[in-house]
Amino acid sequence: MKQGSGLASRAMAAAGEARSARYMAGLNPPQREAVETLEGAVLMLAGAGTGKTRALTARIAHMLATGTARSNEILAVTFTNKAAREMKLRLGGLLGEQVEGMPWLGTFHAIGVKLLRRHAELVGLKPSFTILDTDDQLRLIKQVLSAFNLDEKRWPPRAMAGLIDSWKNRAWRPDTVPASEAHAFDNRGTEIYAAYQERLKTLNAVDFGDLLLHPVTIFQANPDVLAQYHRWLRFILVDEYQDTNVAQYLFLRLLAQGHGNICCVGDDDQSIYGWRGAEVGNILRFERDFPGAAVIRLEQNYRSTPHILAAAGAVIAANQGRLGKTLWTELPEGEKLRLIGHWDGEEEARWVGDEIEALERGTRLGEPVSRNAIAILVRAGHQMRAFEDRFLTIGLPYRVIGGPRFYERQEIRDAMAYFRLAVSPADDLAFERVVNVPRRGIGDKALQTVQRAAREAGVPLMQGAALALRDGLMKGKAAGGLRGFIEEAARWHEAVRAGVNHVELAGRMLDESGYTAMWQAERTPEAEGRLENLKELLKALEEFDNLQGFLEHVALIMDNESEDAAEKVTLMTLHAAKGLEFPVVFLPGWEDGLFPSQRSMDENGLKGLEEERRLAYVGITRAERLCVISFAANRRVFGQWQSQLPSRFIDELPEDHVEVLTPPGLYGGGYGAAAPRHGGARGAGRTHVGDEVIEGEVVTDSGLEARAARADVYASPGWRRLQAHSRQVAGAGVVPRPATPQAPGGAGVVFQPGERVMHQRFGLGTVHAVDGDKLAVAFDRVGEKHIIARFLTSAEGIDDVPF
DNA sequence: GCTAGGTTAATTTTT
DNA sequence: TTAACCTAGC
């Protein structure tokens with residue numbers, strides 16, 4: 001491109017001046033290079049904690065300061081609103097107050113909306129289209145599916161929603177879904193997808209996927225439009241490039257085509273969203289996609305100690321096909337990682353609670369550690385319960401990150417539906433949502449009548465309802481309720497048009513509709529909370545000029561980042577922790593099947609395992625000073641006790657950087673499985689046999705001595721069996737059945753007469769007779785029973801385990 | 001139209 | 001084990 005040379009000289013002329021600029025201060029050489037390499041394609045490979053955002057914002061500041069680009073010529077995309085907000089904030093800090101808004105800085109979706117509003121008609125929409133959230137989307141899919149007469153059990157709407165999402169992630173439109181997908185959803189997948197898109201068009205609505213897909217379609221089908229943007233948006237920056245999906249990739253590639261000035265920032269080792277369409281391949285392929293691209297590695301880490309970096313590096317090294325980075329730091333060595341095994345998940349939670357209290361007292365890191373500095377990162381949400389229970393009992397304040405977002409809550413969605421209806425009475429989804437909330441006596445049948453009337457007349461539901469009333473199709477309670485609803489809605493709509501203050505109107509709607517009263521009537525703590533949320537919603541409204549503006553933004557922007565000043569420990573998933581850092585990080589539940597997740601491995605094989613490993617990498621690199629990894633030998637999964645094996649990732653931890661708090665013998669693998677000692681094993685705390693809980697000598701002290709005493713438990717023959725055998729089979733128990741030849745018919749486990757077995761309810765027993773999969777077993781406590789084999793687990797050699 | 005009781009399924013999540 | 005969701009019965 002011609003502009004190149006002029007650009008370069010301009011940039012160079014300004015360079016000397018820029019070097020002394022405030023935003024350059026303290027940047028290390030690679031960061032500086034990333035800031036100054038403005039032309040062409042640049043891949044900034046930024047490891048965890050290497051000052052990525054800093055470099056990125058400095059780069060923008062540099063472009064603006066040197067006159068390379070004006071603020072409206074830079075497209076800067078992020079994935080989350082939080083990241084976009086932070087970038088704006090930091091830019092403001094660098095440039096002083098004169099950051100004339102960067103109009104093209106935002107999330108993929110926010111930018112997608114902006115483009116789509118301008119060019120809606122090119123994909124058959126009106127510029128006023130509404131954005132459906134996941135909930136609306138699902139309800140719409142249900143409606144569409146009902147026309148296809150599929151068994152809801154076998155073909156759940158959720159699955160269809162997931163399918164459509166994944167297709168949109170890959171930028172497939174109904175007419176471009178490849179033939180290889182034809183079998184999907186009972187061979188009707190594409191048909192249903194097409195019908196769904198039709199419905200969206202009639203409703204003048206889009207879902208989240210469309211916010212990317214439509215712009216891509218527009219660019220592909222309208223070269224003139226694309227060319228305009230090539231002229232306007234001369235520089236592109238992308239954050240978290242390893243998380244982009246195919247649609248986002250196409251979007252970026254189309255926009256970069258003209259000038260090739262695209263700078264992508266990311267870390268292939270932190271790609272953890274493959275399951276929702278992210279393609280690590282995008283970042284791995286970057287140099288092929290953009291020949292001549294400069295690849296700049298940010299490897300100096302400013303966050304973690306050498307021990308932590310070494311451990312993380314060793315784990316991630318097991319992955320194939322990485323771009324490769326080696327993080328280093330100038331920080332002092334600090335503490336080794338700590339590794340400890342526990343008997344079960346409850347003990348693990350108890351121990352973590354004790355450790356946190358020790359940290360607070362200052363007996364772990366030499367100085368007291370604030371609760372805010374501590375995080376517990378789990379693989380799956382259900383792991384949080386054990387910690388919450390424990391923290392509640394010991395009165396340790398904690399906060400859970402994740403969970404339903406503010407705008408996803410029922411009351412907020414209901415209220416929003418009222419607002420939507422006031423703004424556009426033709427919003428059918430909003431109509432359906434609240435026509436009977438609060439109860440107005442309009443049930444399924446009444447609603448069907450309205451829908452039929454609307455369909456026949458080809459009008460929105462609101463008008464259809466009026467027609468149905470006029471024609472006397474409604475009767476009794478439904479007629480009265482519907483009439484009242486229509487009249488109210490008409491009044492509100494009139495008020496919107498008359499320009500009545502929107503905050504006042506919103507409050508009035510919630511009151512007049514009886515919505516507030518509905519929750520007040522409940523008088524439960526939960527309802528109180530909902531009323532609080534509604535108040536908060538009204539407060540949020542004040543920041544907008546009108547309802548339309550609010551609705552426009554709320555679907556994309558609103559989140560529940562409630563600033564919480566209180567001192568609390570943080571509890572969240574590993575996924576949610578990406579991008580965050582904490583002085584002290586606990587990583588519990590490192591057990592094969594849980595982490596790495598069995599499902600991930602089953603469904604995606606090596607790819608799945610590698611993504612899990614990246615998750616481990618993300619987890620470890622969240623820690624600044626101390627990282628504590630733990631696992632449990634037994635865990636209750638869906639109500640059943642399962643024995644667990646330590647995670648294979650534990651074997652990948654480098655011994656030199658890990659302090660093992662549990663004695664050897666607890667795990668096989670790389671941690672020197674020293675000869676286990678026999679005997680005694682008192683002080684076992686609590687152990688479980690089937691449903692039973694036996695109180696032993698309860699260990700309250702979390703000190704090492706107590707745990708050392710407990711080592712004998714782990715060294716027992718039963719424990720060695722745990723080590724030797726693979727995971728528990730269905731049917732539970734304490735000891736897994738070794739993999740033996742399958743019985744014909746498949747139920748699985750083969751037992752021999754005389755063999756010792758364990759049953760959930762009946763405890764230990766001896767097999768008397770075997771008849772196919774039916775066994776006669778003499779139980780020690782309850783005598784002889786006839787039992788199906790799959791309810792039994794082998795208990796050979798378990799008798800001397802001190803249960 | 002509403003409620004209670006049974007059935008089922010159960011990583012990760014942003015927009 | 002549990003929680004959400006659906007069905008059947010009032």
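Values below: all heavy atoms of this structure, side chains included; hydrogens, waters and symmetry mates excluded. Residue numbering restarts at 1 for every chain, and letters A, B, ... go by the order of the sequence lines.
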(request) Kindly compute the distance separating CG (A/L212) from OG1 (A/T217), expressed to the nearest 0.5 Å. (result) 10.5 Å

(message) Please determine whether a side-chain nitrogen of the Lys or Arg among A/D267 and A/K52 lies less than 4.0 Å from a carboxylate oxygen of the Asp or Glu.
(response) no

(request) Using the six-membered ring wherever Trp is involved, compare the ring planes of A/H575 and A/W275 and label them parallel, tilted or perpendicular (cut-offs 30° and 60°). (result) perpendicular

(message) If the condition is ring pair (Phe, Tyr, Trp, His ring centres under 6.0 Å), which residues does A/Y196 pass it with, not counting sequence neighbours?
(response) none

(request) Provide, to the nearest angstrom, the distance between the CG atom belonging to A/D243 and the P atom belonging to B/dT15. (result) 12 Å

(message) Base contacts versus sugar-phosphate-only contacts with protein, heavy atoms under 4.0 Å: please encode nucleotides 1-10 of chain C as B, S and - from 5' to 3'.
(response) BSS-------

(request) State whether a side-chain donor-acceptor pair under 3.5 Å links A/H342 with A/E347. (result) yes

(request) Not counting sequence neighbours, list each pair that qualifies as a side-chain hydrogen bond (donor to acceptor under 3.5 Å, both in side chains) and has a residue in residues 107-117 of chain A. (result) A/R117-A/E552

(request) Report the C-alpha separation of A/F485 and A/F431 in whole Å, then their side-chain angles, then the decisive distance to 0.1 Å, and conclude whether the ring-ring contact (aromatic ring centres under 6.0 Å, His included) test is met. (result) CA-CA 10 Å; A/F485 182 68; A/F431 179 94; 5.6 Å; yes

(message) For A/F544, give me all partners under ring pair (Phe, Tyr, Trp, His ring centres under 6.0 Å), at least two apart in sequence or on another chain.
(response) A/F550, A/H553

(request) Report the distance from atom CG of A/N245 to atom C1' of B/dT15, rounded to the nearest whole Å. (result) 11 Å

(message) Under 4.0 Å, heavy atoms only, any strand: does A/I442 hit a base, just the sugar-phosphate, or nothing?
(response) sugar-phosphate

Polar atoms only, N or O, under 3.5 Å: list the protein pairs with nucleotides 12-14 of chain B and their distances.
{"unit_1": "B/dT12", "atom_1": "OP1", "unit_2": "A/G381", "atom_2": "N", "d": "2.7"}
{"unit_1": "B/dT12", "atom_1": "O4'", "unit_2": "A/R379", "atom_2": "NH1", "d": "3.2"}
{"unit_1": "B/dT12", "atom_1": "O2", "unit_2": "A/W275", "atom_2": "NE1", "d": "3.3"}
{"unit_1": "B/dT12", "atom_1": "O2", "unit_2": "A/R379", "atom_2": "NH2", "d": "3.0"}
{"unit_1": "B/dT13", "atom_1": "OP1", "unit_2": "A/T573", "atom_2": "OG1", "d": "2.6"}
{"unit_1": "B/dT13", "atom_1": "O4'", "unit_2": "A/R276", "atom_2": "NH1", "d": "3.3"}
{"unit_1": "B/dT14", "atom_1": "OP1", "unit_2": "A/R405", "atom_2": "NH2", "d": "2.1"}
{"unit_1": "B/dT14", "atom_1": "OP2", "unit_2": "A/R405", "atom_2": "NE", "d": "3.1"}
{"unit_1": "B/dT14", "atom_1": "OP2", "unit_2": "A/R405", "atom_2": "NH2", "d": "2.8"}

(message) Could you check whether any side-chain heavy atom of A/F595 comes within less than 4.5 Å of a side-chain heavy atom of A/L587, counting everything from C-beta outward?
(response) no

(request) Check the side chains of A/Y515 and A/D414 for a donor-acceptor pair under 3.5 angstrom, ignoring hydrogens and angles. (result) yes

Look for any protein N or O under 3.5 Å of an N or O in nucleotides 4-6 of chain B and output each such pair with its distance, or none.
none

(request) Specify the separation, in whole Å, of atom NZ of A/K114 and atom C1' of B/dT15. (result) 17 Å

(request) Kindly indicate, with the supporting measurements, whether the criterion salt bridge (charged side-chain N to carboxylate O under 4.0 Å, His left out) is fulfilled by A/D243 and A/K578. (result) CA-CA 12 Å; A/D243 287 339; A/K578 193 170 77 147; 2.6 Å; yes

(message) Between P on B/dT15 and CG on A/D135, what's the gap in Å once rounded to a whole number?
(response) 17 Å

